[in-house]
Amino acid sequence: MKLFTVIFSYVLLLGLYTPPSLSDSPPLQDVCPMAPQSERNPFMNGYVCKHPSTILASDFKTLLLNHAGKLDNMVRSSTNIVTAAEFPGLNTLGMSMARTDIDPYGLVLPHSHPRASEMMFVHDGSVLAGFFDTTGKLFQKRLCEGDVFIFPRGLVHFMMNYGFRLATTFSVLNSQNPGVVGITHAMFAPDSDVVEGLMARMMKFRDMEIPDNKTTDFPWTY
């Protein structure tokens, strides 16, 4: 009995103090079921690296965030996320980037990134940005040029233009494939009445005053 207690204590301590490097690596894709024996050709959780002798300075430069996207859509906004798939230099660095442009009275519908937190920097204009925690509390702030806001990993968040000219933000996400789960587009057509109604209700956030030391419940019923 004494030997069993010693062994059990050792196993328990080993589990508590196992270095993080010995745990499973986080996935870089949504799902990864095991392939049948006949189909087991290598499929990387990420991308294969170039041979060191072929690496160029151009691998670490991109022009993909230079210009605004198309804004002639229902939400009057455009978001371009650049991952390691489009920008080779990001591979294995655990990061990706995004540019968002929002016309006046435009918005970015609620969505989440299941594999990344997002740090957003306001480059031009002013925006209203916010996210909801797992209890449904809303955290939002009005942001001006130069301000930075954090969207925690996996939490639903949104943005809208708070001014009268084009607003542009740049973001860094701490995954080379953060993923995007669009709350509305996953269930409804982009031009459906449900999405239009959601946009109308979200515009009410513009008039909400939330002091720094307070939060509020999700105002769907306002």
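Not measured: the values here are computed from a predicted model.
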Student: Output the distance between atom CD1 (Ile55) and atom CZ (Phe60), rounded to the nearest 0.5 Å.
Tutor: 5.5 Å
Student: What I want to check is whether the side chains of Thr135 and Asp133 have a donor and an acceptor closer together than 3.5 Å.
Tutor: yes
Student: For the atom pair CZ (Arg153) and CG (Leu173), what is the distance rounded to the nearest 0.5 Å?
Tutor: 11.5 Å
Student: Working to the nearest 0.5 Å, report the span between CG of Asn80 and CG of Asn66.
Tutor: 10.5 Å
Student: Test your reading of the model: is there a side-chain donor-acceptor pair from Gln176 to the backbone of Ser96, 3.5 Å cut-off?
Tutor: no
Student: Donor-acceptor check, side chain of His123 to backbone of Phe121, threshold 3.5 angstrom: yes or no?
Tutor: no
Student: Compute the ring centroids of Phe131 and Phe139, then answer whether they are less than 6.0 Å apart.
Tutor: yes
Student: What pairs with Phe87 under ring-ring contact (aromatic ring centres under 6.0 Å, His included), at least two apart in sequence or on another chain?
Tutor: none
Student: What I want to find out is whether Arg165 reaches Asp124 closely enough, with some N-O distance under 4.0 Å, to be called a salt bridge.
Tutor: yes
Student: For Gly106, is there any backbone N or O sitting under 3.5 Å from a side-chain donor or acceptor partner on Asn161?
Tutor: no
Student: If you define the side chain from C-beta out and look only at heavy atoms, does anything of Leu155 sit under 4.5 Å from Thr134?
Tutor: yes
Student: Any side-chain donor-acceptor pair under 3.5 Å between His113 and Glu118?
Tutor: yes
Student: Which pairs pass salt bridge (Lys or Arg N to Asp or Glu O under 4.0 Å) with one or both residues in residues 53-68, sequence neighbours excluded?
Tutor: Lys50-Asp59
Student: Tell me, please, which residues at least two apart from Ser58 pass side chain to side chain donor-acceptor pair (under 3.5 Å).
Tutor: none
Student: With rounding to the nearest 0.5 angstrom, report the OG to CD1 distance, Ser171 to Ile81.
Tutor: 8.5 Å
Student: CG/Leu166 to CG/Leu71 distance, rounded to the nearest 0.5 angstrom?
Tutor: 6.5 Å
Student: Would you say Phe170 ends up clustered with Tyr162 if hydrophobic residues are merged whenever their side chains have heavy atoms under 4.5 Å apart, either directly or through other cluster members?
Tutor: no
Student: Before giving the answer on side chain to side chain donor-acceptor pair (under 3.5 Å), spell out for Thr168 and Asp101 the whole-Å C-alpha distance, their side-chain angles and the decisive distance to 0.1 Å.
Tutor: CA-CA 5 Å; Thr168 300; Asp101 297 281; 2.8 Å; yes
Student: Can a donor-acceptor pair be found, under 3.5 Å and without considering hydrogens, that links the side chain of Ser112 to the backbone of Val156?
Tutor: no
